[in-house]
J.: 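Following this message is one structure expressed as structure tokens.
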Protein chains: 2
Amino acid sequence: MGSPLPRDPIADAQRNWERHGWGDVAAPMAAITAIMRTQQILLARIEGVLKPYGLTFARYELLALLSFARSGALPMNKASALLQVHPTSVTNAVDRLEKAALVVRSPHPTDGRTTLIELTAEGRTLAKRATAALNNEVFGQSGFGDEDVEHLIRVLGDFRKAAGDFTD
Amino acid sequence: MGSPLPRDPIADAQRNWERHGWGDVAAPMAAITAIMRTQQILLARIEGVLKPYGLTFARYELLALLSFARSGALPMNKASALLQVHPTSVTNAVDRLEKAALVVRSPHPTDGRTTLIELTAEGRTLAKRATAALNNEVFGQSGFGDEDVEHLIRVLGDFRKAAGDFTD
DNA sequence: GCAATATACTAGGACATCCAAGGGTTTGGA
DNA sequence: TCCAAACCCTTGGATGTCCTAGTATATTGC
């Protein structure tokens with residue numbers, strides 16, 4: 001999308017904040033902006049790896065989640081809660097995965113309101129392959145040092161907990 | 001969008017990775033997933049604060065960038081590079097900002113291919129107000145400790161540099 | 001000086017996310 | 001028992017991001 005900039009635009013923003021008298025929040029602003037940008041970079045990498053498999057990250061996450069479910073099936077609302085996305089986003093993802101024959105919808109045995117999403121054999125196979133690819137090409141080469149990884153997990157875990165993601 | 005989960009879904013995913021023999025990349029996977037989720041939380045907060053001003057984060061970023069430019073104007077391609085988004089995203093944002101009379105497009109004085117984006121008086125005023133709101137309600141209450149902020153800036157800065165965002 | 005190449009912006013399309021609403025199913029209290 | 005409230009999923013709409021062209025303007029090289 002572009003060649004490297006001569007200078008870090010986020011560091012520049014931080015300097016601008018300080019110059020305008022907002023020095024007290026300049027650092028958190030820079031950290032938050034850096035998180036936004038890092039997410040963008042990581043998402044692009046992930047999507048690039050998944051593309052050959054005909055998957056997007058949203059669809060992969062759902063497929064992976066199902067592959068870890070004991071029965072290979074989950075109610076849509078459960079998936080929505082675990083993936084922490086809006087129910088309509090799950091509807092959207094399931095629509096496309098179902099069209100690709102990677103999952104099927106089936107009625108819940110006892111609750112007529114609920115729809116179960118179930119992996120097909122191809123879905124399970126593709127999930128395995130896509131996971132292997134991500135492990136090799138993204139997670140295995142994140143570029144983060146071991147200590148930094150631990151630190152990120154801890155700091156962002158505390159943040160997510162404080163934000164109300166989970167109790168634990 | 002949902003009540004807190006009883007357990008951290010990312011920690012669960014990390015355990016699943018380890019259980020399936022991918023322990024060597026389980027931690028980076030968890031760190032990367034945490035970054036994705038943290039970005040989602042932060043974006044929601046930011047959008048919530050900006051909504052009363054009729055702004056989205058994408059439009060705010062462009063407005064803020066212009067407000068720091070000496071002349072209050074920038075070529076679209078410059079904005080695209082500095083914000084590190086696709087040129088079409090800038091076109092999209094400018095379309096809406098222009099419709100709201102916060103910026104105007106004007107031809108570049110010497111290069112006929114280039115379009116300059118320029119802040120209007122209202123645009124400048126709104127940028128100031130929106131920035132104050134974000135400083136008070138988001139950046140000033142990030143929930144990250146000072147040391148963690150410094151660590152995030154350093155680690156994510158190294159990552160972005162390695163990813164080719166900037167030279168410096 | 002002119003053709004070939006590079007650059008800048010925009011139009012159209014595919015996806016993802018969220019919100020607001022609507023229709024069907026369950027549950028719970030009067 | 002029965003109706004209101006709660007819950008589940010889907011549809012439709014607004015935004016944002018990217019990609020792939022297509023048009024217009026500059027630059028380069030012969």
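Chain A is the first sequence line, chain B the second, and so forth, proteins listed ahead of strands; every chain is numbered from 1. Every value quoted in this text rests on a predicted model; they were computed, and no experiment measured them.
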J.: Less than 4.5 Å apart, side chain to side chain, heavy atoms only: is that true for B:F159 and A:D148?
T.: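 The answer is no, as the side chains (C-beta and beyond) never meet within the 4.5 Å cut-off.
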J.: Mind calculating the distance between CG (A:L43) and P (D:dG16) to the nearest angstrom?
T.: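 Atom-to-atom, A:L43 to D:dG16, this comes out as 17 Å.
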J.: My understanding is that only one of A:E18, A:R19, A:Q14 makes a side-chain hydrogen bond (donor to acceptor under 3.5 Å, both in side chains) with A:N16; could you say which?
T.: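 Testing each of A:E18, A:R19, A:Q14 against A:N16, the sole residue satisfying side-chain hydrogen bond (donor to acceptor under 3.5 Å, both in side chains) is A:R19.
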J.: Return no unless some side-chain N or O of B:H108 is found under 4.0 Å from OP1 or OP2 of C:dA8.
T.: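 No, no such contact exists.
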J.: For A:T56 and C:dC15, is the shortest distance between a side-chain N/O and OP1 or OP2 below 4.0 Å?
T.: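 For C:dC15, neither OP1 nor OP2 has a side-chain N or O of A:T56 closer than 4.0 Å.
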J.: Counting N and O atoms only, with roles assigned by atom type, does the side chain of A:S80 sit under 3.5 Å from a partner on the main chain of A:V85, one being a donor and the other an acceptor?
T.: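 Answer holds: yes.
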J.: From the set C:dC9, D:dG16, C:dA16, return the single nucleotide nearest to any side-chain atom of B:N92.
T.: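 Looking only at side-chain atoms, B:N92 lies closest to D:dG16.
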J.: Test side chain to side chain contact (heavy atoms under 4.5 Å, CB included) on B:T120 and B:T125; report intermediate values, then the result.
T.: CA-CA 9 Å; B:T120 63; B:T125 301; over 6 Å; no
J.: Kindly point out which of C:dT26, C:dT17, D:dC18 is positioned nearest to the side chain of B:T88?
T.: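 Selected nucleotide: D:dC18.
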J.: If you assign A:L116 and B:E61 each to the DNA chain D nucleotide with the nearest heavy atom, which residue ends up on the more 5' nucleotide?
T.: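 The residue closer to the strand's 5' end, by nearest nucleotide, is A:L116.
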J.: Round to a whole Å and report the spacing from NZ of B:K51 to P of D:dA14.
T.: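 Rounded to the whole Å, the gap is 13 Å.
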J.: Below 4.0 angstrom, which residues in residues 65-79 of chain B have at least one non-hydrogen atom near DNA chain C?
T.: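 Contacting residues: B:M76, B:N77.
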J.: Please tell me which of A:S89 and B:T114 maps to the more 5' nucleotide of DNA chain C, matching each residue to the nucleotide holding its nearest heavy atom.
T.: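 Here B:T114 is the residue nearer the 5' end.
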J.: Tell me: CD of B:E47 to P of C:dC19, nearest whole Å?
T.: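 My rounded result for the distance is 11 Å.
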J.: If I take atom CG in residue A:L83 and atom P in nucleotide C:dC18, what distance separates them, rounded to the nearest angstrom?
T.: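 Rounded to whole Å, this separation is 11 Å.
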J.: Any side-chain N or O of A:R96 less than 4.0 Å from the OP1 or OP2 oxygen of C:dA16?
T.: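 A:R96 to C:dA16 OP1/OP2: side-chain N or O found under 4.0 Å.
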J.: Grab the NE2-C1' distance between B:H86 and C:dT7 for me, whole Å please.
T.: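 About 14 Å, once rounded to whole Å.
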J.: Using whole Å, report how far CD of A:Q84 lies from P of C:dC18.
T.: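 For the pair A:Q84 CD and C:dC18 P, the rounded distance is 11 Å.
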J.: Would you say a side-chain N or O of A:R113 is under 4.0 Å from OP1 or OP2 of C:dG23?
T.: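 So the side chain of A:R113 is outside the cut-off, no N or O lying under 4.0 Å from OP1 or OP2 of C:dG23.
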J.: Is A:D8 salt-bridged to B:R160, cutoff N-O under 4.0 Å?
T.: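 The answer is yes: the pair qualifies as a salt bridge.
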J.: Can you tell me which nucleotide in C:dT10, D:dT25, C:dC15 comes closest to the side chain of A:R59?
T.: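 Looking only at side-chain atoms, A:R59 lies closest to C:dC15.
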J.: Does a salt bridge link A:D168 with A:K161, judged by any charged N lying under 4.0 Å from a carboxylate O?
T.: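 A salt bridge is absent here (no side-chain N lies under 4.0 Å from a carboxylate O).
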J.: Can you tell me if A:N135 and B:W17 form a side-chain donor-acceptor pair at under 3.5 Å?
T.: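 B:W17 and A:N135 do have a side-chain donor-acceptor pair below 3.5 Å.
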J.: Between C1' on D:dA24 and CG on B:D111, what's the gap in Å once rounded to a whole number?
T.: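 For the pair B:D111 CG and D:dA24 C1', the rounded distance is 11 Å.
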J.: Can you see if the side chain of B:T91 gets near the phosphate of C:dC9 - specifically, an N or O under 4.0 Å from OP1 or OP2?
T.: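 So the side-chain polar atoms of B:T91 never come under 4.0 Å of the phosphate oxygens OP1 or OP2 of C:dC9.
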J.: Return yes when atom CZ of B:R15 has more than 12 non-hydrogen atoms of other residues, nucleotides or ligands closer than 6.0 Å, and no otherwise.
T.: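 Buried by this count: over 12 neighbours within 6.0 Å.
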J.: D:dC18, OP1 or OP2 - any side-chain N/O from A:Q40 closer than 4.0 Å?
T.: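 For D:dC18, OP1 or OP2 has a side-chain N or O of A:Q40 closer than 4.0 Å.
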J.: Would you mind classifying the nucleic acid contact of B:T110 as base, sugar-phosphate or nothing, using non-hydrogen atoms under 4.0 angstrom?
T.: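 Counting heavy atoms under 4.0 Å across all strands, the contact made by B:T110 is with sugar-phosphate only.
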J.: Please report, rounded to the nearest Å, how far the C1' atom of D:dT15 is from the NZ atom of B:K99.
T.: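 My rounded result for the distance is 12 Å.
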